[in-house]
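Okay, so here's the structure we're looking at.
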Amino acid sequence: MSSAIHRCFCKVTGSLDDCACDVETIDSFNNRKLFPQLQKLLSSDYFRFYKVNLNNPCPFWTDSGHCGLRDCAVKPCTPVSSYSLEGNRDTEDCEMAEKLGAVNSSLSDETRLALLDWNRYDDEADRFCMHDDEDSPDSQYVDLLLNPERYTGYKGLEAWKIWNSIYEENCFKPYSVKRPLDPLVSNRGRGFYQWLEGLCVEKRAFFRLVSGLHASINVHLSARYMLDDNWYERRWGPNVTEFQLRFDEELTKGEGPKWLRNLYFLYLIELRALAKVLPFFERPSLHLYTGQTQQDRKNKELLLELLHMAKSFPLHFDETTLFAGDKKEADKLKNDFKLTFKNISRIMDCVGCFKCRLWGKLQTQGLGTALKILFSEKQIEALHQSSSIKPSFQLSRQEIVALFNAFGRISTSIRELENFRLLHTGHHREE
């Protein structure tokens, strides 16, 4: 088993493509400095409640993967076809997935009243952009601490269909170029990396961001796996076999380590966004409002400390390499980025597991917010110069909560990778 774990990490080291950074620097910075502070921030009331509509219909296909009950996690239990990456699921698997994938939407009366007060406060501020979930009457607040991202049993054809739609239709990839390990084609991706390296840096970065997000989710599913389920408790923890199936170099035909390297690339992009957005949060008029004056002040102090820490990272991604060519072409490419990412966000409404849908929607919005920040450098720089009532750059509460929780997921993934490495050496870290 230890040699199998080693095969997952043997190439996850050294410098990252298109970056001046290396894996080891990120590991040290995240696991020793940033991660503890970030987790403390995310446990506060401002960041733990996320407004989401889990009832949006899938806009792309009609064969819903939901079970009949609202809190069902996956599709009705029928054997899947040979296209499934995971094999057939029986009735017992489906019933277990329903329980594990259900979203706990319970909130106390006191919390509901507080959230209404927060909304009234937010409505007084101008919004930079609108999001469907923020304004939908079907949206509800969900306590993220009651709904951790972990293994739910959602797998097979339904899960593969979601990611296939993202990669095949929303990553600037022509249909003639097939991805490695695609179960529907015979050549299994020959020529894929030649095509990827031939892309402009912007499109190549987009693909790596999506791949990194996919890898991060798979790390969480492996690190928070249900190890035991009996009448008095469920026990969650790292499942080395599951991790190996998802990332082992031999079992994934060389792809697993590449996916993990893309996770580090995603970390750099979102870390850079946090460093760049510091001037927005430094404004005295910006409050992390929950109605608890003293705690709100402490939360902002903690947030600013975290952002200064992010800014101090020595090997940031250089976003000036993106959209640096002809202005007209760069503007068109930037717009294509926004439209494509918006489409990926809509695909999340097709996820059949409600808990998976919750975290999928949050993390895509968080990454979208990070890209928005990187695309708005001039507007952010103008914040301290502008005396206008309407600021040159704005983030809604929803975007702020998504941004930090999404980065929290990536930061946690990096830390969990250290834990899997320790499992390789026989020194598992206790939680």
Would you call the rings of His214 and Trp163 parallel, tilted or perpendicular if under 30° counts as parallel and over 60° as perpendicular?
-> parallel

### Query
Does Phe172 have its ring centroid less than 6.0 Å away from the ring centroid of Phe206?
yes

Taken to the nearest 0.5 Å, the spacing of Asn335 CG from Phe375 CZ works out to 10.0 Å

Test item: Arg261 and Phe265 side chains (from C-beta on) under 4.5 Å apart, heavy atoms = no

In the structure I gave you, are the side-chain heavy atoms of Lys300 and His287 within less than 4.5 Å of one another anywhere? no

- Message: I want to check something: taking the side chain as every heavy atom from C-beta on, are Phe337 and Glu202 in contact at a cut-off of under 4.5 Å?
- Response: yes

Looking only at heavy atoms, the pair that brings Asn262 and Arg208 closest together is OD1-NE, 3.1 Å

Heavy-atom closest pair (Lys372 atom, Ser376 atom, distance to 0.1 Å) is O-OG, 2.6 Å

Query raised in the report: Do other residues, nucleotides or ligands put more than 12 heavy atoms under 6.0 Å from the NZ atom of Lys311?
Result: no

When rounded to the nearest 0.5 Å, the distance separating CG of Leu422 from CD of Glu416 is 10.5 Å

Short side-chain donor-acceptor distance under 3.5 Å, Asp296 and Thr293 = no

Quick note, salt bridge (Lys or Arg N to Asp or Glu O under 4.0 Å) partners involving residues 332-343, not counting sequence neighbours, are Lys332-Asp336

_Tell me whether Asn419 contacts the main-chain N or O of Arg415 through its side chain, where contact means a donor paired with an acceptor under 3.5 Å._
no

- Going by atom types only, do Asn30 and Ser411 share a side-chain donor-acceptor pair under 3.5 Å? yes

Please test Trp236 against Asp228 for side-chain contact (heavy atoms from CB on, under 4.5 Å), starting from the C-alpha separation and ending with a verdict.
-> CA-CA 7 Å; Trp236 306 85; Asp228 189 25; over 6 Å; no

Taking Ser44 for the side chain and Leu41 for the main chain, is one N or O donor matched with an acceptor at less than 3.5 Å? yes

Output, in order, the C-alpha distance, side-chain angles, deciding distance and verdict of ring pair (Phe, Tyr, Trp, His ring centres under 6.0 Å) for Tyr141 and Tyr50.
-> CA-CA 5 Å; Tyr141 279 99; Tyr50 180 67; 8.8 Å; no

What I want to check is whether the side chains of Arg246 and Asn218 have a donor and an acceptor closer together than 3.5 Å. yes

Shortest non-hydrogen pair, Gly408 vs Leu38, comes out as CA-CD2, 3.5 Å

- [ ] Carefully, step by step, assess Leu278 and Leu304 under the rule side-chain contact (heavy atoms from CB on, under 4.5 Å).
- [x] CA-CA 7 Å; Leu278 175 59; Leu304 290 177; 4.0 Å; yes

Requested in this report: For the residue pair His220 and Arg150, confirm or rule out a side-chain donor-acceptor distance under 3.5 Å.
Outcome: no

Would the distance check show the side chain of Ser345 and the main-chain N or O of Phe341 forming a donor-acceptor pair, the cut-off being under 3.5 Å?
yes

Leu42 and Arg48, any side-chain heavy atoms less than 4.5 Å apart:
no

Handout entry: Check: Glu399/Gln394 side-chain N/O donor and acceptor closer than 3.5 Å
Key = no

_Check for me whether the distance between the ring centres of Tyr267 and Phe407 falls short of 6.0 Å._
yes

One pair to check against salt bridge (Lys or Arg N to Asp or Glu O under 4.0 Å): Arg224 and Glu149. What are the steps and the verdict? CA-CA 8 Å; Arg224 293 291 179 267; Glu149 184 184 25; over 6 Å; no

Is the shortest heavy-atom distance from the side chain of Leu213 to the side chain of Thr364 under 4.5 Å?
yes

| request: Would you check if there is a donor-acceptor pair between the side chains of Asp45 and Gln292 at a distance under 3.5 Å? | output: yes

Closest heavy-atom pair, Ala310 versus Leu274, reported as atoms and distance to 0.1 Å, is CB-CB, 4.1 Å

Pairing donors with acceptors under 3.5 angstrom, does anything connect the side chains of Tyr264 and Asp27? yes

> Within the distance-only criterion (no hydrogens, no angle test), does the side chain of Ser28 pair as donor or acceptor with the backbone N or O of Thr25 below 3.5 angstrom?
Replying inline: no

Would you say the side chains of Ser139 and Asn53 form a donor-acceptor pair under 3.5 Å?
-> no

Between the CD atom in Gln398 and the NZ atom in Lys51, the distance rounded to the nearest 0.5 Å is 7.5 Å

- Just do the side-chain contact (heavy atoms from CB on, under 4.5 Å) check on Val210 and Phe207 with the steps written out, would you? CA-CA 5 Å; Val210 172; Phe207 183 90; 5.9 Å; no

So do the side chains of Phe49 and Val401 get within less than 4.5 Å of each other, counting heavy atoms only?
no

Shortest non-hydrogen pair, Asn56 vs Arg357, comes out as O-NH1, 3.2 Å

When rounded to the nearest 0.5 Å, the distance separating CG of Leu54 from SG of Cys356 is 11.0 Å

CD1 (Ile400) and CG (Asn405) are apart, to the nearest 0.5 Å, by 12.0 Å

* Asked: Between Leu303 and Tyr46, is a side-chain contact (heavy atoms from CB on, under 4.5 Å) present by the stated rule, with each step listed?
  -> CA-CA 11 Å; Leu303 181 143; Tyr46 186 94; over 6 Å; no

Which word best sums up how the rings of Phe243 and Phe247 line up, parallel for under 30°, tilted for 30 to 60°, or perpendicular for over 60°? tilted

Point to revise | Min side-chain heavy-atom separation Leu371-Leu209 under 4.5 Å | key: yes

*asked:* When you compare the side chain of Gln363 with that of Ile217, does any pair of heavy atoms fall below 4.5 Å?
replied: yes

Output for pair (Glu255 CD, Asp248 CG), nearest 0.5 Å, gives 12.5 Å

Here the pair of heavy atoms bringing Ser216 nearest to Leu263 is CB-CD1, 3.6 Å

